[in-house]
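Scroll down for the structure; my scribbles are underneath it.
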Protein chains: 2
Amino acid sequence: MRSKNMPDGRKSSGRKKSTFIEEARRRQIVRSAITTIAGAGLAQASLARIADEVGISKSVISYHFDGRDELIEEIVTALLAESNRFIRSRVEQESGCPAKLRAYVEASFAFMAGHRDNFVAMVDIWGSFGTAEAKRAFNATAYDPCRRHIESILRKGQQDGDFRDFTPRTLAATIQGAIDGVMLQWVFDEAAVDLAECAAELTAMFDLATRNPAGPDPVTGDGR
Amino acid sequence: MRSKNMPDGRKSSGRKKSTFIEEARRRQIVRSAITTIAGAGLAQASLARIADEVGISKSVISYHFDGRDELIEEIVTALLAESNRFIRSRVEQESGCPAKLRAYVEASFAFMAGHRDNFVAMVDIWGSFGTAEAKRAFNATAYDPCRRHIESILRKGQQDGDFRDFTPRTLAATIQGAIDGVMLQWVFDEAAVDLAECAAELTAMFDLATRNPAGPDPVTGDGR
DNA sequence: CTAAATGTAGGCCATGCGGTCGAAAAACAT
DNA sequence: ATGTTTTTCGACCGCATGGCCTACATTTAG
């Protein structure tokens, strides 16, 4: 059983008894919950309904999770982790910051295209961070790292002489913003935007916006 | 009294008896509801809580609105109308498509900065469109017009020879996406992004991305 | 084989919700 | 003043939800 009212204040941090079936069930529940949320909205995704989707009893969820809140928290974590893992692997395969930046954008859109439910659910969940504090916390633990990743690419590119002189932090926010903004429209209506075209437009635009007019410094970068 | 169960199927379409106090109350309720939603989240913004914020009884809301759904609908309408009116007026003051485009972006950010609650509430509400159909409807009636506006500017600019050759629809989606994406980060954490800097970065980027390398055709456009 | 643990089911409950109702109050017309 | 209409109030209802509890099933350990 998952730890609930342990003497210490710690919540479900005890991942000790990770029975195979335990973790499997958790993943299964998280998966079905994402599907349910994406299909019916977070508000309609009650424990009963999620349980229905999985084909189990409601209390099974209560057994494996400390409550609805923890389930949603885990969903968020899972969604972000899955996306980030994919993007980072793609970026790392490239050498040279311009290529890495392009890979970041393209990977973001590629992952979207194949995991629509993830993002529909994500947008639904975004609206559930009631307090400003919760919003800030989410931003700090989940959103900011993405910007930092871009920022590091940009900064490195500047050092290499591939990129012109700009404020890495601001441009990183702008780039991530553009990606998420297009994603948002696509979540509202799949047919409203063409992901591939937007991706192409964005990569071209960011290339233009970051390129160093003086050309690169050392070896990397051919100014393609 | 607002029409509720009129013989005909029409809902609250009878805006006939727009008593001064009636419309005043509605605006008041909408305002307070936005504040409540922005402060506590849509889920926590129950009729009781909103009524508390206004300082009236719960049933007053039920009296002036046909239900919670209609209230939220009106909130969405009000939020978008307010924002669009501001942006459009700014755009129309400019002559020349490059200037209009810049005005669109700058006005978007300027309005944000002065109406944070509006956007926090908006993001919360975004997550409440349960079904895919509701999402599509929102996109069609509220979101798409914004893109169309940008699109018309871009298309006109191409005709004038101020802009290069691109797909107006796609670039419009990209521009609106970039604005909303940055807005989203700012909603999560006010301190996470610098709106003014992002606005500057975006205007510069879009200018670069739209400019016609061959220069303008007729009179308008100085290639500043 | 048996006993302890782990996992599951279904019913139960307190809570808070949106919405309704009739009476009271306020605004208005005459 | 008086009657009429518009607006407000507080109590109330039915309902869905998240969480809890007890009993039952299944797996694991000795």
Side-chain angles (χ1 to χ4, degrees), chain A residues 1-6 11-12 14-30 32-33 36-37 40-75 124-125 127-128 130, chain B residues 1-6 11-12 14-30 32-33 36-37 40-75 124-125 127-128 130:
Chain A
M1 178 198 292
R2 307 220 90 239
S3 57
K4 290 190 177 184
N5 294 335
M6 297 300 274
K11 291 176 65 179
S12 64
R15 197 74 100 239
K16 37 195 155 184
K17 290 283 187 176
S18 66
T19 324
F20 297 98
I21 178 171
E22 161 87 23
E23 285 303 319
R25 262 273 192 259
R26 279 178 77 98
R27 269 195 300 271
Q28 182 192 28
I29 291 171
V30 166
S32 293
T36 305
I37 293 172
L42 181 62
Q44 305 304 322
S46 63
L47 290 186
R49 193 148 179 185
I50 295 172
D52 246 30
E53 175 85 23
V54 190
I56 57 176
S57 176
K58 206 177 54 167
S59 50
V60 179
I61 301 178
S62 295
Y63 177 74
H64 290 284
F65 294 89
D66 280 354
R68 191 177 188 261
D69 289 346
E70 200 218 308
L71 171 58
I72 293 178
E73 211 175 298
E74 183 118 339
I75 291 174
D124 268 27
I125 293 176
S128 74
Chain B
M1 175 199 292
R2 305 218 90 242
S3 59
K4 290 191 176 182
N5 293 337
M6 298 299 274
K11 290 176 65 180
S12 64
R15 195 74 98 240
K16 37 196 154 185
K17 291 281 190 179
S18 67
T19 324
F20 298 97
I21 178 172
E22 161 86 24
E23 285 303 319
R25 261 275 193 260
R26 289 193 125 223
R27 270 196 296 273
Q28 182 191 26
I29 291 171
V30 166
S32 293
T36 306
I37 293 172
L42 181 62
Q44 305 304 321
S46 64
L47 291 185
R49 192 146 178 190
I50 295 172
D52 249 28
E53 175 85 23
V54 190
I56 58 176
S57 176
K58 204 177 55 165
S59 47
V60 178
I61 301 179
S62 295
Y63 176 76
H64 290 283
F65 294 89
D66 281 354
R68 190 176 189 262
D69 289 347
E70 201 217 308
L71 171 59
I72 293 178
E73 213 176 295
E74 182 117 340
I75 291 174
D124 269 25
I125 293 176
S128 74

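Sequence lines set the chain letters: A, B, ... in the order given, protein chains first and strands last, and positions in each chain run from 1.
- Summarising the geometry, the separation between CD1 on A:I61 and P on D:dG19 is reported as 10 Å, rounded to the nearest angstrom.
- Look at CD1 on A:I29: it is 11 Å from P on C:dG7, rounded to the nearest Å.
- Scanning both residues, B:R26 and B:F65, for their nearest heavy atoms gives NH2-CD2, 3.4 Å.
- Formation of a donor-acceptor pair under 3.5 Å by the B:Q28 side chain with backbone atoms of B:A24 is not found in this model.
- Nearest heavy atoms, B:D124 versus B:L42: OD2-N, 3.1 Å.
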Practice prompt. Starting at the 5' end of DNA chain C, write a dot or bracket for each base, bracketing those in Watson-Crick or G-U wobble pairs whose two distances are under 3.5 Å and using | for partners on another strand.
Written response: ||||||||||||||||||||||||||||||
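- As rounded to whole Å, 11 Å separates atom P of D:dT7 from atom CD of B:E23.
- Here A:R25 reaches the OP1 or OP2 of C:dT8: one of its side-chain N or O atoms lies under 4.0 Å away.
- To the nearest 0.5 angstrom, B:H64 atom NE2 is 10.0 Å from B:E23 atom CD.
- Between D:dT8 and B:Y63, no contact under 4.0 Å exists linking OP1 or OP2 to a side-chain N or O.
- Within residues 40-59 of chain B, the residues that place at least one heavy atom under 4.0 Å from DNA chain C are, in residue-number order, B:S46, B:L47, B:K58, B:S59.
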Item to complete: Could you walk me through whether B:E74 and B:R27 pass salt bridge (charged side-chain N to carboxylate O under 4.0 Å, His left out), step by step?
Response: CA-CA 10 Å; B:E74 182 117 340; B:R27 270 196 296 273; over 6 Å; no
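- With rounding to whole Å, B:F65 atom CZ is found 15 Å from D:dT7 atom C1'.
- Residues passing the side-chain hydrogen bond (donor to acceptor under 3.5 Å, both in side chains) test with B:Q44, sequence neighbours excluded: none.
- When the side-chain hydrogen bond (donor to acceptor under 3.5 Å, both in side chains) test is applied to A:R68, no partner is found at least two apart in sequence or on another chain.
- Under 4.0 angstrom from either OP1 or OP2 of C:dT8 there lies at least one side-chain N or O belonging to A:H64.
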May I have the list of side-chain donor-acceptor pairs in residues 46-57 of chain A shorter than 3.5 Å, sequence neighbours left out?
{"from": "A:S46", "atom 1": "OG", "to": "A:R49", "atom 2": "N", "distance (Å)": "3.2"}
{"from": "A:S57", "atom 1": "OG", "to": "A:S59", "atom 2": "OG", "distance (Å)": "3.4"}

